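Computed from a prediction, not measured in an experiment: that's the story for all the values here. Side chains included, hydrogens not; waters and symmetry mates left out as well; all remaining heavy atoms used. Chain naming here is simple, since letters A, B, ... match the order of the sequence lines and numbering starts at 1 in each.
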There are 2 protein chains.
Amino acid sequence: MQVFAMLLAVTETQWLSPDERAAWVRFTAVLELLPAALDLQLSQDAGMTHFDYFTLAMLSEAPDRVLRTSALAARTNATLPRLSRVLSRLEAAGFVDRAPDEDDRRATNVTLTEAGWEKVVETAPGHVAAVRRLVIDSLAPEQVTQLSAISTALLRQLDPEGRMLATDNDSHEQH
Amino acid sequence: MQVFAMLLAVTETQWLSPDERAAWVRFTAVLELLPAALDLQLSQDAGMTHFDYFTLAMLSEAPDRVLRTSALAARTNATLPRLSRVLSRLEAAGFVDRAPDEDDRRATNVTLTEAGWEKVVETAPGHVAAVRRLVIDSLAPEQVTQLSAISTALLRQLDPEGRMLATDNDSHEQH
DNA sequence: CCCGTTTAGTTGTAGATGCAAGTTTTCGCT
DNA sequence: AGCGAAAACTTGCATCTACAACTAAACGGG
């Protein structure tokens, strides 16, 4: 019985086919290199990380450019400790304001300041250009469509609740 | 003239179409979540990061399970300082040995120890299962093919010299 | 109305990473 | 040969992040 179980266990290990393996190796390389490339452009041209920029960008798209810290954490997929420190930095730089929520004073409302808005506006073109150069323009139009579908499929596993694709409704949920 | 130049500048900024933007937002989410998910599985099941595992895996596939530090850095896309510290850790854990190259004593040869090999062998099944669960099995077979082609196209921009897709020839280059 | 529990954030501490500077060995040129 | 420049790491320092512990506010019975 024990030998049989071991054989089963070994057999159960589903390895990757050569094609799957090749796809995975290449994709792993992209996973490693693309974030670094994006961070490089933003740190050179705007003195901030991709995460900083993304945080400001999410705020800039929120109604009234305000979001609760935890809603912002969901959109940026950050842990609360991480976001807390990033916000401290962005607040010190004058790009956001933090104020306790009037209705629930445990919560903090994060507001994009005028300076923060301007920072996004002046940083966005260069960032978009980098995204074009590194990603969109490297792909055929149908590949962009494919990448979108593939990403959607992957997010079903990675983010079943769709935190990162949250609509604006979320900020108006019941409490 | 100045107004005209400004208009040009504004016009030149190539924004993303709605489809492109949707693809990019989703892909960004994958870029953030997938590495974290892989790290989580490996740290829980094997007590190491994905980078540690990948480093050992690259060594395990090298001829004689030996690679120069800089060749390993190219395959893992690590900077030398980063790899140096990771190797110090892996060496302390007994998974690799480091020894100066006999022909060029500036260089260091990194060897996977027997313990390191066993670590890879016992860790690989769980990791492959995670890759299957999170990526391969979420996709239709043709999507795996598409992802491979897309990744190849992106790497042309990200890694023009193909460092991460290096063949074994590299370690036998002239000196 | 009060107390234990949950929620929302912040901070202490330790590990990881990048950049820049330092060290040792080799190369290239005269 | 002989010496300046380059190569292959390694280490110092500053920053970033995660995990866990901590604080403050709100909820939920009894």
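Each of A:Arg85, A:Arg89, A:Arg82 was checked for a salt bridge (charged side-chain N to carboxylate O under 4.0 Å, His left out) with A:Asp52, and the lone residue meeting it is A:Arg89.
A residue-by-residue look at A:Leu40 and A:Asn109 shows that A:Asn109 has its nearest nucleotide of DNA chain C further toward the 5' end. Between A:Thr49 and A:Asp101, the one whose closest nucleotide on DNA chain D sits nearer the 5' end is A:Thr49. Map A:Arg105 and B:Leu87 each onto its nearest nucleotide of DNA chain D; the residue landing nearer the 5' end is B:Leu87.
In terms of phosphate contacts, B:Ser70 brings a side-chain nitrogen or oxygen within less than 4.0 Å of OP1 or OP2 of D:dC9. At the phosphate of D:dA8, neither OP1 nor OP2 sits under 4.0 Å from any side-chain N or O atom of B:Thr69. Residue B:Thr108 has a polar side-chain atom (N or O) positioned under 4.0 Å from OP1 or OP2 of D:dC9.
Distance CZ (B:Arg82) to C1' (C:dA20): 18 Å, rounded to an integer number of Å. In this entry the distance linking CG of A:Asp39 with C1' of D:dT15 reads 13 Å, nearest Å. Straight-line distance from the CG atom of B:Asp52 to the C1' atom of C:dT17: 13 Å, rounded to whole Å. Atom CZ in A:Phe51 sits roughly 12 Å away from atom P in D:dC16 (whole-Å rounding). Taking atom NE2 of residue A:His50 and atom P of nucleotide D:dC16, one finds them 16 Å apart after rounding to whole Å. Regarding B:Glu32, its CD atom lies at a distance of 12 Å from the C1' atom of D:dT17, rounded to whole Å. Going from atom CG of B:Leu83 over to atom C1' of D:dA8 covers 12 Å, rounded to whole Å. One can place CZ of B:Arg68 at 12 Å from C1' of C:dT25, the figure rounded to the nearest angstrom.
By the 6.0 Å contact criterion, CG on B:Asp19 is open, its count of non-hydrogen atoms from other residues, nucleotides or ligands being 12 or less. Counting heavy-atom neighbours within 6.0 Å of A:Arg21 CZ, excluding the residue itself, gives a total of 12 or less.
At a threshold of 4.0 angstrom between heavy atoms, the contacts of A:Ser84 include nucleobase atoms, whether or not backbone atoms are also involved.
Closest contact between the side chain of A:Arg85 and the listed nucleotides D:dT17, C:dA16, C:dA8 involves D:dT17. Of the candidates D:dT10, C:dA16, C:dT25, the closest approach to any side-chain atom of B:Arg89 belongs to C:dA16. Taking every side-chain heavy atom of A:Asp104 into account, D:dA25 is the closest of D:dA25, D:dC9, C:dT17. Picking from D:dT11, D:dA26, D:dC19 the nucleotide with the shortest atom distance to the side chain of B:Pro81 gives D:dT11. Checking D:dA26, C:dT11, D:dA7 against every side-chain atom of A:Arg106, the shortest atom distance belongs to D:dA26.
Using cut-offs of 30° and 60° for the angle between ring planes, the A:His50 and A:Tyr53 rings count as tilted.
Atom CZ in A:Phe95 sits 15.5 Å away from atom OG1 in A:Thr111 (nearest 0.5 Å).
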